[in-house]
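A short worksheet on the structure shown next.
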Amino acid sequence: MRQRRKLAATATAVALSMVVAACGNDSGSGGGSGSSGGGGSAEYNAASEGIVNKSDATGGTLKYVLSDAPDSMDPGDTYYAFNWNFTRLYARPLLTFKPAPGKAGLELSPDLAESLGEVSADGLTWTYKLKQGITYDDGTPVTSKDVKYAIARSNYTAELVNGPKYFAQYLDAGNYAGPYKDKNLDDFTGIQTPDDSTIVFKLKAPFSEFDFLVANPQSAPVPQAKDKGLQYQAAVASTGPYKMESHEVGKSLVLVKNDKWDPKTDENRKQLVDRIEVQFKVDANDIDQRLMNGQADVDLGGTGVQAQARATLLQDPNQKKNVDNPQTGFLRYAMLSTQVPPFDNADCRKAVLYAADHEAIQAAYGGSAGGDIATTALPPSVVGYEKADEYGFLQDKNGNPDKAKQALQACGKPGGFSTKIAVRGDRPKEVAAAEALQQSLSKVGIKTSIQQYPSGDWSAQFAGNPQFVHANGLGIQIAGWGADWPSGFGFLSQLVDGRAIKANGGNYNQMELNDPEVNALLDKGIQTKDETERNATWTQVDQKVMASGALLPFVYEKTILYRPENLTNVFVNPSYGMYDYSQLGTTKK
Amino acid sequence: MGAPIEVSSGEQRAAPEAVLAGAAGRIEGRSLGQIAWMRLKRDKVAMAAGIMILVLIALALLAPVITRALGTSPNDFNSNLIDPVLSKPKGSFGGISLEHPLGIEPINGRDVLARVLYGARISLLIAFLATLLSVTLGVLLGVFAGYKGGWGDTVISRTMDVFLAFPLLLFAIALAGVIPSEAFGLSGNGLRIAVLVFIIGFFSWPYMGRIIRGQTLSLREREFIDAARSMGARTPHVLFRELLPNLVAPILVYSTLLIPTNILFEAALSFLGVGINPPTPSWGGMLNQAIDFYRVDPMFMIIPGAAIFLTVMAFNLLGDGLRDALDPRAR
Amino acid sequence: MAAFIVRRLLAAVILLVVVSMMTFAIFFLVPRLAGMNSDQLALRYVGRGATAESIEATKERLHLDDPLPVQYGRFVQGIVVGDEFNYGPEVVKCPPPCFGYSFRNSQPVTALLIDRIPVTASLAFGAAILWLIGGVSVGVLSALRRGSVFDRAAMSTALAGVSLPIYFTGLLSLALFAYHWKLWPNGVNYVPFTTNPLDWAYNLILPWVTLAFLYAALYARLTRASMLETMNEDYIRTARAKGLRERTVVVRHGMRASLTPILTIFGLDVGLLLGGAVLTESTFSLPGLGQLVVDAVFGNDLPIVLGVVMVASVFVILANLIVDVLYATLDPRVRL
């Protein structure tokens, strides 16, 4: 079916997450590191590095299309990267990412708050001051209580399950029952609001990257009186430059200008177009077609065009200049389960790393335009990334059978062994990658059979369930990961912290790596206030993980975005790995 | 039939054939089989279809030999033949060349001919086994319901109603999606084939069941059955000696016509992504892969599509020929 | 007649109960037999940020720990007397027939069904008219000119039509008509009839023709066979002997008798199609019941699956009933 991928996506809200993109160092896409930022013109990959069609022209309508339906348009209940980007049009969190291309886009900028957070000496208290004069679209002023309420509802209720639960995890809130069961907000002691413009977060333990947590749309204020729980997404109270005119959940959304938004309080957004229309559930191939025909302006998902359109675009020089090829911040990889023999032996794991044909695997993800061959656990777009290539993937792009055989010798299986590759059957690229891996492993005597599982239950029942993995001998598992915020901790904590392994399923550390040194480094890093020192710790974690041989990184994913010529102020915000939706305008009236 | 109103598509479609078995059986001298064979031999189209099916089966069985002779294999990559940026085969018509007569797959450059040949093994194997299962179930339950009547008939007929009222594809998807990697002492593709055969066969038995039940009902009232019964023949004797031989014709015709349906069913499941495990090729799976490339590499869609089309058509032609041969009135 | 209809309706209700129970059993039992516990079931709906509390809360909210009969009872209760749904700060009434709420996005299933039925109905009825007219006329002509070039060509085409998978013809027609010749440069996008009848028809032509081609082929073959059989009957010979014009013989006597069974099958096929246009809708990405239910099956969204299966079964049963009544009206031998 044409949209099988779409079907799969329905079941995998899980897999799409906050993504972080390249700063362009070795992305092979040419150009500098995005410091230019000038009013560039349409060129191949121009919007990955700078701003294309800079303009202050106002008016017109922007048409967004999405191949899927989002988990929710409620800023407090979504885990899609594109929605963390898009909801900013009508919801202002305390902080947000700078609207800038290149590295600058990874920096945080005050939004609802006056400045970044102030941390207490013991690291347990974070304080933010709200800007004056910010109101909802009905004119009611925003107070710090509304921010507190927003975080309470998104983290402490049974109904809003889609978003991350970091506040519940890190705030010192005792046994708070959540605002739906306990209507008295004062019982929520994890956040305090001494006055209407001050908000104080109380933590269980020091957490040096707390600013990143409040850049999540969950900190956008919600007036308690207007909260309808799961139905709130139908009519969100707006603080941004646009407000909802109509919203048919799962079908369409129309945003119009919010005249109560004051640009003087907001340096992060523009209010150029008159109207924004979003249509959900449009076939992915049709989306590409519409973009190229001028019937639509932006693919909301930001995941790039399909193979059909890709070939058409890249072959045609007139079209190629309207194409961007940024990194998405996702790492695609295979995990080797350290609890499944013979992968309990590090040398057996390394044999797989040496034998893998990286170029064939890269081809499965769409070749050089689909991703760069990965050599580290952290993608380049994350702070803490340091270039490294312990196993020489880049020298031996088609694998190094000699070293693989040496490793097999060392692990006591000179003739090779048999194992299973688990893969999400409804992800064609991952299936192709599994086939490529299978081929290259067979050359050194490692026989594999490929097992397909539906992505809907992938982490709950199959690859993320250690019991199942052990019982079925799933030695190799193919998956991918994007960071919730662009730091080593934001990327790695769920993947490599051995204490976070969930015995009953829902596990993302599918290699079951439980290295005390790695765990200790993670703890040390997140309590380190000094940024440089903290980021150096993330590099160490990366090196330790790679040394274990349990992670076989495939590619730093890249995507092919089509940039219609009428779009103005187009650039890729690396924090989201797609165009920055808060800045777009159009020349079409 | 108890109430003539209880028509269903199965019985209706069976109607023209409902009489044929008995009619042919009455001709003296030659057996039913001989007459049918004579008629079939005169039907050039059906014979051609039959020969084509034999060739297909031979090709499927000999797939390893053929691919070895051609120096290809269904799972070997030819990455050097793929355009690294566009992921599609270099050259035109899906990379057709002397080494790869039907071209190569996008992304990894596997040989399409080899994959189509190996895909035939899977398609035919599953279709045959599933047909066997549904025919067995359909005949047993159909004969039982038709011959015994009473509450047994009611239960079986209503069960068939339920099955026919179901959107079967959905259940197939739901079931196929949760196949464990090991069960019943089987694992990997062995288990997957078994489950697919079960799903397809189990969901298509009512079509056969209805036809056989209808036939049995009409045969039950006929003189020779009455005669056998009045002569004190026991039920097994009546069923196997008197009834079953007269059911051979419809069973044969409808089995032949069920095979292409089942080929399409398997292809649809693979197409929806719940078929056989990769890298084992199947036709539906190839079509599924082609979705991403059909506009830039149409050959990759056309070839597995043509394979399905030709196979299904051959079985349909043979089935038609068989029906004509066994039914003098349609000629 | 009235008694017959009452009896049939009663049987229909029983059939619906059985179908829903089987659906329930399959979707409820299969994952549990495959070894999933309620925690893992809840994980399906929680997402990447799952915590022990959110799993527990989800289990409770979706009643995943309740035994099968209790869950089934709640489903029936919702349809008969309605249900309530907790949106968080407030509880909302769901009037009967309430099919519950999506496990994924908490939308009421009844509204979703009402939203999707027009799409599938548009697809099914448009295609049905095309294939009935096309298939029957070709079949009749073929039968009357048996052995002619037309007959051979039509029957060969029909055979090809029956042998082609619909997703293949669908993709092929999209590739050629929509994209190569740019007749539908933006692909097929459903537009409601009430919004713009012309756009509605324009966007549905390709699916209609693709779907109709498959069925027309089938109907041409059936009609031809049925027609051939009828035209050999004694009463046709009698009619001819009476000196009736050939046209009258064919239309008044031949077609009437041979089309009765075709009509029967037609009713059933339309009924089945309304619930089962899965592959067509998928190929053309039409947002109908078929696509809704495939999404739901892949997303483990049981309430939606149940809702669609129930609607589909109702269509099949209704079609059965209509066909039976029609049959009795058309065929004097049948009494109800």
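Just so it is clear: chains get the letters A, B, ... in the order the sequence lines come, proteins before strands, and each one is counted from 1. Small disclaimer: the values here were computed from a predicted structure and weren't measured.
Residue contact with chain A, scored on non-hydrogen atoms closer than 4.5 Å, involves the backbone and the side chain of Asn75(B) alike. For Asp76(B), the parts lying near chain A are the backbone and the side chain together; criterion is any non-hydrogen pair under 4.5 Å. Both the backbone and the side chain of Glu435(A) come within contact range of chain B, judged by heavy atoms closer than 4.5 Å.
With Gln308(A) contributing its side chain and Ile291(B) its backbone, the two residues share a donor-acceptor pair below 3.5 Å.
At a threshold of 4.5 Å between non-hydrogen side-chain atoms, the residues Lys88(B) and Gln315(A) count as touching. Within the 4.5 Å cutoff, no side-chain heavy atoms of Gln439(A) are placed close to those of Pro279(B).
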Take Arg295(B) and Thr312(A), measure what side chain to side chain donor-acceptor pair (under 3.5 Å) needs, and give me the verdict at the end. CA-CA 9 Å; Arg295(B) 277 159 56 201; Thr312(A) 319; 5.3 Å; no
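Of all heavy-atom pairs between Ser87(B) and Ala363(A), the closest is OG-O, 4.5 Å.
Residue-environment remark: NZ (Lys321(A)) exceeds the threshold of 12 foreign heavy atoms within 6.0 Å. Within 6.0 Å of atom CD in Gln319(A), more than 12 heavy atoms from other residues, nucleotides or ligands are found, so the atom counts as buried in its surroundings. In Lys447(A), the NZ atom is not crowded: 12 or fewer heavy atoms of neighbouring residues, nucleotides or ligands sit closer than 6.0 Å.
Atom-to-atom distance recorded for Phe77(B):CZ and Asn398(A):CG is 12.0 Å, nearest 0.5 angstrom. The distance from the CD atom of Gln306(A) to the CZ atom of Phe293(B) is 10.5 Å, given to the nearest 0.5 Å. Atom CG of Asn108(B) sits about 11.5 Å away from atom CG of Asp357(A), to the nearest 0.5 Å.
Interface remark: of the candidates Ala432(A), Ser449(A), Ala436(A), Gly370(A), Ala436(A) forms the most heavy-atom pairs closer than 4.5 Å to chain B.
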